[in-house]
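Single-structure report; data block below.
Worth saying up front: this structure is predicted, and the values here are computed from it rather than measured. Each chain gets a letter, A, B and so on, in the order the sequences are listed, and its residues count up from 1.
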Amino acid sequence: MRLDSNFFSRDVLEVAPELIGCILVRRFDDGSISRHVISDIEIYRGEEDMACHASKGKTKRNAVMYEGGGLVYVYFIYGMHWLLNVVTGGLNNPQAILIRGLHDCSGPARITKKLLIDGTFYAEDLTTSSRLWIERGSPMIYNVGPRIGVDYSGDYWKNVPWRYFVGSDPALTLPKKNS
DNA sequence: CGCAAGATTGGC
DNA sequence: CCAATCTTGCGT
């Protein structure tokens, strides 16, 4: 069953725990469909969160985070990678969940590469889109830890345990950037 | 207008 | 350890 706007419109702290174990579904142009269990995510919540792109106020890039929950926020980073986020919460309450890993694909940029997701998905509506949506899955046990790659955000925000992941930490096998 | 840095990855 | 590669945000 596809997740609807009622699911995404709640506060990100309520949505995130339930998103673990859900199914990310991509329908490609040729009609083929791939389904992947969401197993690694990060929470970005409000302008007060110094690691969130909304911490500097509304800009052209992050504007979709100020819209209602259920939309896609994708952005280009490091000159080569697209990262996929799901917007949650209500109007003018900027928050989103970064999809960091799937059961068979770990790494936020690897996911968009594998699923062919780019800038054309900016503000895509997950509740009505015919090429990308999320289905309810089975609840899963997960671990929590600090978010990856946000050391610039200060002592408090870089240590908030807003990363949820299933199983052993996939980031430990990637180049380490934590201290 | 110039420039530094980024919610990363893969290669040396 | 470091280059790739380009948009964004901020300073001049």
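- Look at A:E42 and A:R147 and you find no salt bridge, because none of the NZ, NE, NH1 or NH2 atoms lies under 4.0 Å from a carboxylate O.
- When each of B:dG10, C:dG9, B:dA7 is scored by its nearest atom to the side-chain atoms of A:R110, the top-ranked nucleotide is B:dG10.
- For A:Y44 and B:dA7, the ring-to-base geometry satisfies the stacking test (centroid distance below 5.5 Å, interplanar angle below 30°).
- Taking atom P on both C:dC2 and B:dA5, the two are 15 Å apart, rounded to the nearest angstrom.
- Counting any heavy atom pair closer than 4.0 Å across all strands shown, A:K60 reaches no nucleic acid atom.
- With B:dT8, C:dC10, B:dA7 as the candidates, the nucleotide lying closest to the side chain of A:M65 is B:dA7.
- Atom CG of A:L84 is separated from atom C1' of B:dA7 by 12 Å (rounded to the nearest Å).
- A close approach under 4.0 Å does not occur between any side-chain nitrogen or oxygen of A:R163 and OP1 or OP2 of B:dA7.
- In this structure, A:K114 atom NZ and B:dT9 atom C1' are separated by 16 Å, rounded to whole Å.
- Straight-line distance from the CE atom of A:M50 to the C1' atom of B:dA7: 14 Å, rounded to whole Å.
- Relative to the side chain of A:F76, the nucleotides C:dG9, B:dT8, C:dT7 differ in distance, and C:dT7 lies closest.
- Between the P atom of B:dA7 and the NE2 atom of A:H53 lies a distance of 4 Å, rounded to the nearest Å.
- When the nucleotides C:dG9, B:dT9, B:dA7 are ranked by their closest atom to the side chain of A:A109, B:dT9 comes out on top.
- Taking 3.5 Å as the limit, the base of B:dA7 and the side chain of A:Y75 contain a donor-acceptor pair of atoms between them.
- A straight line from NE2 of A:H81 to P of C:dA4 spans 13 Å, rounded to a whole angstrom.
- As a whole-Å value, the separation of A:I43 CD1 from B:dA7 P is 17 Å.
- C:dT5 is unpaired under the Watson-Crick or G-U wobble criterion, no partner having all donor-acceptor distances under 3.5 Å.
- Along DNA chain B, the nucleotide closest to A:K113 and the one closest to A:I77 are compared, and the more 5′ of them pairs with A:I77.
- Of the candidates A:L115, A:L84, A:V72, A:L84 is the only one forming a side-chain contact (heavy atoms from CB on, under 4.5 Å) with A:I99.
- Aromatic ring pairs are classed by plane angle as parallel below 30°, tilted from 30° to 60° and perpendicular above 60°; the pair A:W82 and A:F76 is tilted.
- Closest to the side chain of A:T59, from the set B:dA7, B:dT9, C:dG9, is C:dG9.
- As rounded to whole Å, 11 Å separates atom P of B:dA7 from atom CG of A:D49.
- In this structure B:dA7 sits in no base pair that meets the Watson-Crick or G-U test at under 3.5 Å.
- Remark: A:Y78 is not in phosphate contact with B:dA7, judged by side-chain N or O atoms under 4.0 Å from OP1 or OP2.
- Annotation: A:L91, atom CG; neighbour count of heavy atoms from other residues, nucleotides and ligands within 6.0 Å is above 12.
- Under a cut-off of 6.0 angstrom, the local environment of CG in A:N92 is crowded, with over 12 non-hydrogen atoms contributed by other residues, nucleotides or ligands.
- Below 30°, between 30° and 60°, or above 60°: for A:Y75 and A:H53 the angle between ring planes is above 60°, a perpendicular geometry.
- One interatomic measurement links the two molecules: CG of A:L83 to C1' of C:dC6, which rounds to 14 Å at whole-angstrom precision.
- Comparing B:dG6, B:dT9, C:dT8 by their closest approach to the side chain of A:R61 singles out C:dT8.
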